[in-house]
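Single-structure report; data block below.
In listed order, ligands and their atoms are each counted from 1.
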Amino acid sequence: MLLLLLISLLISLLPSGGTRSTFSPARPPAIPLAVKSPYLSTWLNAGSKGGNGGYLPGKWPVFWNNQVTGWGGMIRVDDTSYTWMGGMQPPQVNQVSFQYTSTKSIFVLDVAGSVEMTVTFLSPITPNDLKRQSLVFSYLNVDVRSKDGRNHEVQLYADISAEWISGDRSATAQWDYGVTGDVAYHKVYRQNQLLFSEIKDQAEWGSWYWATDNVETLTYQSGQDKTVRGTFANNGSLPNSQDTNYRGIGDNWPVFGFAINLGSVNASTVNTLFSLGLAQEQAIQFSGASETALPPLWTGFFNDDLAALQFFQGDYSTASSLSSDLDNKISRDSLAASGQDYLTITSLSARQAFGATQLCGNSTKSYLFMKEISSSGNINTVDVIFPSHPIFTYTNPLFLKLLLDPLFENQESNKYPHNYSMHDLGGTYPNATGHPDGKDELMPLEECGDMLIMTLAYYRRTNDSAYLNQHYPILKRWTEYLVEEALYPANQVSTDDFAGTLANQTNLALKGMIGIEAMAVISNLTGNTQEAQNYTNIANKYISQWLTLGIASNDNPPHTTLAYGQDNTHGLLYNLFSDSELGLNLVPQSVYDMQSNFYPTIKNNYGVPLDTRHDYTKGDWECWVAAVASKSTQQTIFNLLATWINTTPTDRGLTDFYLTTTGNFPGNLFQARPVMGGTFALLALNQ
Ligand SMILES: *[C@@H]1O[C@H](CO)[C@@H](O)[C@H](O)[C@H]1NC(C)=O
Ligand SMILES: *[C@@H]1O[C@H](CO)[C@@H](O)[C@H](O)[C@H]1NC(C)=O
Ligand SMILES: *[C@@H]1O[C@H](CO)[C@@H](O)[C@H](O)[C@H]1NC(C)=O
Ligand SMILES: *[C@@H]1O[C@H](CO)[C@@H](O)[C@H](O)[C@H]1NC(C)=O
Ligand SMILES: *[C@@H]1O[C@H](CO)[C@@H](O)[C@H](O)[C@H]1NC(C)=O
Ligand SMILES: *[C@@H]1O[C@H](CO)[C@@H](O)[C@H](O)[C@H]1NC(C)=O
Ligand SMILES: *[C@@H]1O[C@H](CO)[C@@H](O)[C@H](O)[C@H]1NC(C)=O
Ligand SMILES: *[C@@H]1O[C@H](CO)[C@@H](O)[C@H](O)[C@H]1NC(C)=O
Ligand SMILES: *[C@@H]1O[C@H](CO)[C@@H](O)[C@H](O)[C@H]1NC(C)=O
């Protein structure tokens, strides 16, 4: 009785319209809607900081950096209009449930108790199908059915605004409407194209397509937001007209609407599919062996934008089924490896990691470019590829090679003046123009270790020994650097540069030593047996010293330190993962056991701190240490992270950087970064 009273009290306190939605497997900080490339990256903020809890109707979707990318939907049922997506006028439908998989975000919505909508946002991930993976497009699929046993007259509406085409709301938009084959589309683009340019991280070049099937009951309109939306809300259809007064994105906000009259809807599902994406002729400015403007890879598979669009809109059943294959693989493997908490983490990270990349070039010479989203905008940052790389070795190691190739090509063309590895391939995506002046962020030990480890990780999954031979000289040069610098690391930053510089970092030294041992293996595999012997001798000598220098053996329980000799410090020893990943056995099992026993003793509400300097942590590195921890420590860490995902007040694309105490941002808003591909560390290890 008391329980019933409590429940009815709770229900009476709910905002307009009744029941709360369920969220499965969790309520993410932000829900991925269309997350496919650095420029097709739209989310629904959910965390309490600025989100609405994860409800599709009522709030505008945003680009990863929080700029509204107008995307709205209405439905008319028996002459009454409702809003199902975005902040539009008509009353909102009721969200019943939300669910995510690795590639899909699925909302079930109730319209006045009479009609049920299932709205699926699918950003396909097809790691073994480069043609499909290369398309910068995403799906919105809407299923509608009667749920009360009666037939209902239904019309469906969806639009986008011009906010997708530029980060400058005063930039002039131009648009057009057309039909290609069975596909009707609005094309929207910046009138004054700015090749390779970004404003507020949005692309300032290329054409956006917003499309649906050209069915008989389709009507369309471009025009001012109030006009187009009002016409549908009042009338259930659009006048098939175009506003040709091309103007600023924010000048009487032009929107691009579709309305479909679904007619009399019964209990059978009626389906409407929309596609949304970006077509650019050139994607990346690349300084490799030569200076080139690289096309997106899809241009090699299709004659033009419209051919690509037509293919994509017609490909839903295949793209959806390939994506479900990946969903199922990740689900099966995550559950088997550690359970539901782990799956909650991996499945939220997949679109985010792939969505920071773009395939470029042609089928003879392909490349993968990655944007260091939100923290700097650098392109192919070595120490961002590094934490993310487990998702690529797990899904298709070719992607790791395609990420490393441009770095090798630039430096092997002598376009970088240092003997250590570069930090990134350019300060600002999409300009992969390198650092001929050598003035990139100084992180030399980190990057040399990363390159050696990732090169061998790629080999381990492919047996591509030609790759090792091809890059042997530069790998050797980077190893020489490690031999000089790894034992006593100079005062410098590691990849966690926000934490500041520090000398003799225990974890950084370990990376360098693992890098040297990786080179010993590479030397063997390429027939350089004397060098193999030399490098393995050095690595083993260093490790035996590190075991004394870097361990607080008198502490209870003992643990590695943050820096040599500082017994009262500690940190996540995430570089240990590479020893396991590469099967090196350089580090004794006792170190694994020691760290595994230690982490649970320093955990906070939402995770294990990155190190003793701060309360914050990194979600990617937590997953790296969990991957090589005991089952029980592993599950403790995954549980903390999954709990955090479900309850954090952060409201942006899954941050990797958060406070273990409150779960909030530590000030810096790291968001939607590809490093969360590192959550796949355990899956990569299990292969
Ligand atoms: C890339 O370089 C071009 C010049 O080649 C420049 O116009 C553009 O603004 C740069 N892009 C970014 C994002 O900095
Ligand atoms: C409403 O739709 C009808 C046909 O369905 C059309 O004749 C009429 O002009 C429309 N009114 C508006 C305001 O668009
Ligand atoms: C439901 O509507 C569809 C499409 O109009 C029709 O083909 C089907 O027979 C209807 N089903 C029932 C049970 O009335
Ligand atoms: C493919 O790309 C490579 C590297 O950018 C270029 O040299 C080559 O000409 C391209 N091939 C074709 C057929 O365009
Ligand atoms: C790089 O190493 C070579 C060979 O050891 C040396 O001659 C050269 O001076 C080094 N270059 C720099 C910039 O340190
Ligand atoms: C690589 O070679 C090893 C040893 O011959 C073999 O067991 C393994 O299956 C190969 N892996 C791949 C991906 O070809
Ligand atoms: C081993 O490698 C170190 C560092 O590159 C080098 O100085 C030394 O000469 C090498 N020793 C042998 C025996 O090759
Ligand atoms: C690193 O540690 C060693 C050994 O404790 C010490 O001699 C050296 O001064 C330290 N390096 C720096 C830069 O503090
Ligand atoms: C190199 O190969 C030799 C001979 O097979 C082996 O004894 C040695 O352990 C290998 N070294 C490394 C670092 O893999």
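Nearest non-hydrogen protein atom to atom 11 (N) of ligand 1 is Phe196 O, 2.7 Å. What sits closest to atom 9 (O) of ligand 1 on the protein, heavy atoms only, is Ser197 OG, 3.4 Å. For atom 14 (O) of ligand 3, the nearest protein heavy atom (residue, atom name, distance) is Asn266 ND2, 3.2 Å. In this structure, atom 5 (O) of ligand 6 lies nearest to the protein heavy atom Asn463 ND2, 4.7 Å. At the top of the distance list for atom 4 (C) of ligand 1, counting protein heavy atoms only, stands Gln285 NE2, 4.2 Å.
Atom CD of Glu281 is surrounded by 12 or fewer heavy atoms from other residues, nucleotides or ligands within 6.0 Å. Other residues, nucleotides and ligands place no more than 12 heavy atoms under 6.0 Å from the CG atom of Asp182. Other residues, nucleotides and ligands contribute more than 12 heavy atoms inside 6.0 Å of the NZ atom of Lys365.
Relative orientation of the His389 and Phe386 rings is tilted, given thresholds of 30° and 60° on the angle between their planes. Using cut-offs of 30° and 60° on the angle between ring planes, the pair Tyr394 and Phe680 is tilted.
For the pair Gln352 (side chain) and Leu654 (backbone), a donor-acceptor distance under 3.5 Å is present. Listed for the Asp143 side chain is no donor-acceptor partner under 3.5 Å among the backbone atoms of Thr269.
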Check: Please walk me through it: do Glu204 and Ser166 pass side-chain hydrogen bond (donor to acceptor under 3.5 Å, both in side chains)?
Finding: CA-CA 5 Å; Glu204 301 297 313; Ser166 167; 2.6 Å; yes
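Put simply, atom 2 (O) of ligand 6 has protein non-hydrogen atoms near it, under 4.0 Å away. The protein does not reach atom 7 (O) of ligand 6 closely, with no heavy atom under 4.0 angstrom from it.
Counting atoms of ligand 1 from 1 in the listed order, those under 4.0 Å from a heavy atom of Tyr429 are 13 (C). Which parts of ligand 1 touch Asn431 is read off a 4.0 Å heavy-atom cut-off, strictly below it: atoms 1 (C), 2 (O), 3 (C), 8 (C), 10 (C), 11 (N), 12 (C), 14 (O). Each of the following atoms of ligand 1 lies closer than 4.0 Å to a heavy atom of Thr428: 12 (C), 13 (C), 14 (O).
Not a single N or O atom of Ser264, backbone or side chain, sits closer than 3.5 Å to an N or O atom of ligand 3. In terms of N/O distances under 3.5 Å, ligand 6 is not approached by Arg461.
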